[in-house]
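Here the structure is a predicted model, which means the values were calculated and not measured. Each chain gets a letter, A, B and so on, in the order its sequence line appears, and its residues count up from 1.
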Number of protein chains: 2
Amino acid sequence: MAIELKDLTKRSDNYSQWFNDLVVKADLAEQSAVRGCMVIKPYGYAIWEKMQQQLDRMFKETGAQNAYFPLLIPKSFFSREAEHVKGFAKECAVVTHYRLRASEDGNSVEVDPSARLEEELIIRPTSETIIWNTYKNWIKSWRDLPLMCNQWCNVMRWEMRTRPFLRTSEFLWQEGHTAHATREEAEAEAKKMLEVYAKFAEEWMAVPVVCGVKSETERFAGALDTYTIEAMMQDGKALQSGTSHFLGQNFAKSFDVTFLNKENKAEYVWATSWGVSTRLIGALIMTHSDDNGLVLPPKLAPIQVVIIPIGKAGEQMQAIADKLQPVVEQLRKAGITVKYDDVDNKRPGFKFADYELKGVPVRIVMGGRDLESNTVEIMRRDTLEKETIGFEGLAEHVISVLDDMQANIFKKALDYRNARIYECNDYEEFKQRVKEGGFFLCHWDGTEETETRIKEDTQATIRCIPYGFEQTEGVDMVSGKPAKHRVIIARSY
Amino acid sequence: MAIELKDLTKRSDNYSQWFNDLVVKADLAEQSAVRGCMVIKPYGYAIWEKMQQQLDRMFKETGAQNAYFPLLIPKSFFSREAEHVKGFAKECAVVTHYRLRASEDGNSVEVDPSARLEEELIIRPTSETIIWNTYKNWIKSWRDLPLMCNQWCNVMRWEMRTRPFLRTSEFLWQEGHTAHATREEAEAEAKKMLEVYAKFAEEWMAVPVVCGVKSETERFAGALDTYTIEAMMQDGKALQSGTSHFLGQNFAKSFDVTFLNKENKAEYVWATSWGVSTRLIGALIMTHSDDNGLVLPPKLAPIQVVIIPIGKAGEQMQAIADKLQPVVEQLRKAGITVKYDDVDNKRPGFKFADYELKGVPVRIVMGGRDLESNTVEIMRRDTLEKETIGFEGLAEHVISVLDDMQANIFKKALDYRNARIYECNDYEEFKQRVKEGGFFLCHWDGTEETETRIKEDTQATIRCIPYGFEQTEGVDMVSGKPAKHRVIIARSY
């Protein structure tokens, strides 16, 4: 394993390979026997569970409730909303039969041709259609609104090029679907959920994000507006990390969902949807981790503190354990997840490398000499700084290190990103510099033509019209036409 | 709604219709647009979430970790384990294509025939095959064992006759899959997980269960032994509520999963799998509920206490609220979920009926007269008993009522069931009596022949060879042959 760790590609050598290596070596996920579908291993899944718990709490605080809608969607539902079908039809897994039978030689199974479905069913790539078909029966009057449901589930998009966590054919996500009486309320909901995502990204994942609104070409299929949080990875590329859509009345009209307003008149319902996925784990990895392995934000680390006693089996190990036991208990009482690793079939050096690889935020080591001096050695994963300290106030100190690390890795990522946001007014300069990564704040004339040209010339796309930047009118660097504001352009995952 | 409630079929009129009505009227679930697939509505899903939380805790205490494996399984995997394919091939949803395209007239979508998969993929009906194909890479040495993973997910079995929660084409469940070095360890694991399920059923769901082992015909496809918990519904029918399988080395052999033992010799791994599903919600409903609606065990009720103030808007409502606020806070501090329902667009009578229908364990009402006398009225859902009491120690009293209700509905269900377990030695008598429901303890000669005859004659099946009953040898009531023990025979869902 120590040898395997050495094999972790360096970020400077090949960032993409480093990512792929790390996902496997840190036991987060691996490729499965099914093209484009990954197995999320226990350590990776534990991160997802921690994310889910916090997000779920935040969703419920906004009044959303969880529910569950079917995995399979009748094919005809996709034709109902014209834009939606264009966006998703190309990449659908289609169920056509409902039975297998033994092959003639009896050695294998084959599809039973007599068990063909009358109408094919699609594995959900997203659930707007089936949910709005259901909401039709749930919404009658203004009293039934707002209706705010979320579901945690798997979805399937038949991607041709896949990468673990970033783009997989099947992925886990949550999708919120809300119904409102007015346009204003729905727009406010879409924006509020974007704020929830931004707060989660920054305060829990320690990943700084730019909030903004997508250009028309980059919108969700069927939305009037798509709001996004965009994070910058260590290679300067953007990663779209969560989106929230204002869907107008499009789905309500397609599925005929009306409500009686207070004046007893029928109106179409206003909609939003919003989602984040296991892609967030990709964002975590590519924001914080280093050539030694994962660096995890303490708030989401499955193991927050690992304690490794080093001594001779028997009396010495027992003496060390006796010293450390109260610290373990104090930390656990404070809600910290502690692993006390005294298994004797792995050497300390192996353990050190392995926990570094896995991004455990704080490591506490106590050996024979520490026993004499009544101290322990603490190492924090972000800076790899070590300190030797006594037992007085040890638990409190560890907690403050965790807090400090959470704040520190956020600041580090923020500084890194802010140093790579550039205003740019010259297309030739842009074409050169965009290869190196970074977010480019450029004036845009608002046309699809310009957008397409930038993409064709540089593979970069308009990530969003950002919030939180002072905007001035100007001149589009590509077309020379007047532009109302700057947008963020970047290469992206 | 009050009118709708009246329409709830009485159990004595039509038990099956009562169940279907209740699922819809209590807002638990409804039929979806996809045959045999249900929508689990927020109230129903909230019960499932409470179940998940507790089960997940119990699984983790045994050392199991969560993970996630792909939804789709290559068709060929099913042929690898001979028994397994027989059990599941008949009812599989098969993905054959990965793209749709616009139809010629442009008004609808159709399957793109050029996007046919080389090998069809099956939506998992259960995941032994794909998981053991993965475990092959995870298990090398005895040090990697035991390996204990669980996943919470959706599965699909193409059932012809479906009923909400009891039998649906898609359902939610958890499936644990463990790998062990020895037969003894695997058998012990399978039995331990059955105990976990029994404990959960009895202590959390308040549903008494008989633990036992299945006959060969009723075993999971590919198992050497299937352990089961069997609950009795109010109509005397059995509901298989959870199963745990000792899989021997069958899957290890089919997927070539070996480990090096301490003597450095390769051995096949021993396996178990175990699962419970949203079917548990069906068990809950049919064990406790009555003609007024749901009766939920307090430990799993999404709302444990509802407080309904009744008064004139303004000063009086405020005075009532002031009195009740400290009680709400005390209860919430004690971890009780409280809903304070002062919405004024529904009448008290409607609210009473609705919360009864939804099975909220405790209702507290405070009106104008109570304000004068400084009292509240408490009603408990199981007995519908009301009492008027003062504020002194109110929160503690409510908590004790919840505890008492949890114990009381278990005892009621246990007494009901125990009164319907019959020893029976005469097949003619059995054939008559089994129609009325109940668990029949009968000697069985161990042959499939007898089993089949009983099923053909009476639709009843051998539920299990039960634990916890004193067993004596005897004579099979059907064949007259010698029998080693009694089994439980019953009609079932």
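Within the 4.5 angstrom heavy-atom criterion, no atom of B/Glu119 approaches chain A. Residue B/Asn66 touches chain A through both its backbone and its side chain, counting heavy-atom pairs closer than 4.5 Å. Within the 4.5 angstrom heavy-atom criterion, only side-chain atoms of B/Lys60, from C-beta onward, approach chain A. Using a 4.5 Å cut-off between heavy atoms, B/Val34 contacts chain A through its side chain alone, with no backbone atom that close. Within the 4.5 angstrom heavy-atom criterion, no atom of B/Ile131 approaches chain A.
Ranked by heavy-atom pairs shorter than 4.5 Å toward chain A, the options B/Trp48, B/Trp152, B/Trp138 are led by B/Trp138. The candidate from A/Leu117, A/Asn345, A/Leu172 with the greatest count of non-hydrogen atom pairs under 4.5 Å with chain B is A/Leu172. Taking chain A as the reference chain and counting heavy-atom pairs below 4.5 Å, the highest number among B/Ile122, B/Val111, B/Val109 is found for B/Val109.
For the 3.5 Å distance criterion, the side chains of B/Ser108 and B/Ser103 qualify, holding a donor opposite an acceptor.
When every heavy atom of B/Val23 is checked against every heavy atom of B/Phe165, the shortest pair comes out as CG1-CE1, 4.0 Å. Across all non-hydrogen atoms, the minimal contact from A/Cys153 to A/Tyr68 is CB-CE1, 4.1 Å. The two residues A/Phe77 and B/Ala33 have their closest heavy-atom pair at CZ-CB, 3.6 Å.
Every residue two or more places apart in sequence or in another chain was checked for a side-chain hydrogen bond (donor to acceptor under 3.5 Å, both in side chains) with A/Gln53, and none qualifies. Scanning for salt bridge (Lys or Arg N to Asp or Glu O under 4.0 Å) contacts around B/Asp256 gives B/Lys136, with sequence neighbours left out.
Of residues 93-102 of chain A, those residues with a non-hydrogen atom less than 4.5 Å from any non-hydrogen atom of chain B are, in numerical order, A/Ala93, A/Val94, A/Val95, A/Thr96, A/His97, A/Tyr98, A/Arg99, A/Leu100.
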All N/O donor-acceptor pairs, side-chain side in residues 36-46 of chain B, below 3.5 Å, sequence neighbours left out:
from	atom 1	to	atom 2	distance (Å)
B/Lys41	NZ	B/Asp27	OD1	2.9
B/Tyr43	OH	B/Lys358	O	2.6

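Here the two rings, on B/Phe251 and B/His84, have centers that are under 6.0 Å apart.
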Please evaluate residues A/Arg116 and A/Glu120 with respect to the criterion salt bridge (Lys or Arg N to Asp or Glu O under 4.0 Å), reporting the C-alpha separation (whole Å), side-chain torsions for both, the decisive distance (0.1 Å), and the verdict. CA-CA 9 Å; A/Arg116 199 182 161 90; A/Glu120 293 89 352; 3.1 Å; yes
